[in-house]
Amino acid sequence: MRRLFVGLTAVSVLAAATACGSSGSGSSDGTTTVEVGLVPIVDVAPLYLGEKKGFFGERGLKLSFSSAQGGAAIVPGVAGGQLDFGFSNMTSLMLAQSKGVPVKAVANGIASTGVRGGDFEALTVKGDSPVKSPGDLEGKKVAVNTLKNITETSVRASVSKAGGDPDEVDFVELAFDQMPAALDSGRVDAAMVVEPVLTTVKGQGAREIASPMIDVSPKLTVAMYFTSTRYARENPEVVRKFQEATAESLAYADSHPDEVRGIITTYTKIPAGLLEKVTLPKWPAEPDRASLEELSRLGQEDGLFEQAPDLDELLP
């Protein structure tokens, strides 16, 4: 849910260049080290947990995490061969695929909880705001972390479902960590936030008026792990092992929330006290194809894609 895809022109140039080859390397004991590009957020906890529990090591893989502050380098890094795998929201991956960037989703990432008012994301307003539903946001300023991406598409879906015209909403791009102050001061009328910012704004008295990602689809697949088409072609066995270990990690994380919260404190600066209140996303083993078809359709309606993404080519 961060800015995981910026500068498509630069990405296309990088992807078209000759890749430097796999950054994965073997060791004398037969272990293959793979470089994984991640943004240090709650979403990717299963990989850190799976590495700690030995799910990757049992399959001869060692994960080397490359942390990106905003994620802008992840897609071109994977496409160009500097990273073996990466993590991205699905709109960014569909946008890349539709532009001819050679990426391939290989393992599920995160999904909505499917519980309205109990998701890891929400459209929020100040406690005393006159806005009661997304339909009231016409002419109002709404903060999203990235314009023309998954958060804006989701809010537009909520506005439409509430009988409003999303084209009349004034979307403002703002980093998630800047949203609490902007909402509290009245610089924006509403903010589309994710955890742990959602817990922060609730602590300031903010109200939820919608769960936009659930408005797209109740079981929306929000993000996935991906590789380059070249890496997938040249290293099918490594990709298979990564898929298996990631699936085991997702299942373990989904059933061990306390361990998830514990591992998050090792790679983020989120205080443990705040994490206790955070709503975790779901980590299903498989992506929900129907939800991605709807996300693609809405993205096309919003004019995000010059041509429709090919989900058959993008998905595992």
Side-chain angles (χ1 to χ4, degrees), residues 1-2 4 31-69 71 74 84-90 105-115 117-122 176-177 193-200 202-203 211 213-214 219-226 240-288:
M1 300 296 302
R2 297 293 189 269
L4 293 177
T31 300
T32 300
T33 299
V34 293
E35 194 76 21
V36 186
L38 302 175
V39 181
I41 52 178
V42 170
D43 310 24
V44 298
L47 248 62
Y48 284 91
L49 191 55
E51 176 75 354
K52 179 182 177 182
K53 302 298 291 187
F55 300 152
F56 290 89
E58 291 168 1
R59 294 170 172 85
L61 297 182
K62 178 177 175 54
L63 303 186
S64 176
F65 296 118
S66 181
S67 179
Q69 290 301 314
I74 293 179
D84 300 314
F85 299 94
F87 179 83
S88 173
N89 78 68
M90 292 310 298
V106 295
N108 206 22
I110 64 166
S112 160
T113 65
V115 180
D119 202 12
F120 74 96
E121 51 79 33
F176 283 124
D177 60 4
V193 296
V194 300
E195 293 287 19
V197 178
L198 176 54
T199 295
T200 299
K202 282 183 176 179
S211 299
M213 290 186 179
I214 294 177
K219 297 181 180 180
L220 178 64
T221 296
V222 178
M224 293 184 69
Y225 295 94
F226 69 102
R240 182 186 64 78
K241 291 176 179 179
F242 181 86
Q243 290 172 320
E244 290 179 353
T246 299
E248 187 173 2
S249 300
L250 294 171
Y252 190 87
D254 223 30
S255 59
H256 294 79
D258 289 342
E259 290 188 50
V260 168
R261 295 178 201 277
I263 201 76
I264 290 170
T265 63
T266 68
Y267 67 91
T268 76
K269 296 179 180 179
I270 304 172
L274 181 63
L275 270 174
E276 292 176 4
K277 304 174 183 178
V278 163
T279 299
L280 298 174
K282 297 298 290 181
W283 287 294
E286 299 294 335
D288 185 282

T265 meets the side chain to side chain donor-acceptor pair (under 3.5 Å) criterion, sequence neighbours left out, with none
Original post:
Should D84 and F242 be marked as a side-chain contact (heavy atoms from CB on, under 4.5 Å) after you check the CA-CA gap, both sets of side-chain angles, and the distance that decides it?
Top reply: CA-CA 11 Å; D84 300 314; F242 181 86; over 6 Å; no
Residue set satisfying side chain to side chain contact (heavy atoms under 4.5 Å, CB included) with S249, at least two apart, ordered chain then number -> P46, F55, F56
Does a side-chain heavy-atom distance below 4.5 Å link V34 with L63?
-> yes
Give the C-alpha distance, both sets of side-chain angles, the deciding distance and a yes or no for side-chain contact (heavy atoms from CB on, under 4.5 Å) between V260 and L49.
CA-CA 7 Å; V260 168; L49 191 55; 4.1 Å; yes
Ring pair (Phe, Tyr, Trp, His ring centres under 6.0 Å) filter on Y225, not counting sequence neighbours, yields F87
Residues passing the salt bridge (charged side-chain N to carboxylate O under 4.0 Å, His left out) test with E244, sequence neighbours excluded, are R59, R240
> Short question: side chain of Q243, backbone of V106 - any donor-acceptor pair under 3.5 Å?
Replying inline: yes
Hits for side chain to side chain contact (heavy atoms under 4.5 Å, CB included) against T266, two or more places apart or cross-chain, chain-then-number order -> I263
S211 meets the side chain to side chain donor-acceptor pair (under 3.5 Å) criterion, sequence neighbours left out, with none
Identify every side-chain donor-acceptor pair in residues 271-284 under 3.5 Å, counting partners at least two apart or on other chains, and give the distances.
residue : atom : partner : partner atom : Å
W283    : NE1  : D43     : O            : 3.1

- Query: Between D288 (side chain) and L220 (backbone), is there a donor-acceptor pair under 3.5 Å?
  - Reply: no
Side chain to side chain donor-acceptor pair (under 3.5 Å) filter on T200, not counting sequence neighbours, yields none
**Asked** Just by modelled atom types, is the Y252 backbone N or O under 3.5 Å from a matching donor or acceptor in the E248 side chain?
**Response** no
Is a side-chain donor or acceptor of N89 paired with a backbone partner of V222 at a separation under 3.5 angstrom?
-> no
Sequence neighbours excluded, the answer for side chain to side chain donor-acceptor pair (under 3.5 Å) partners of K241 is none
In short, salt bridge (Lys or Arg N to Asp or Glu O under 4.0 Å) pairs touching residues 258-269 with sequence neighbours left out are K53-E259
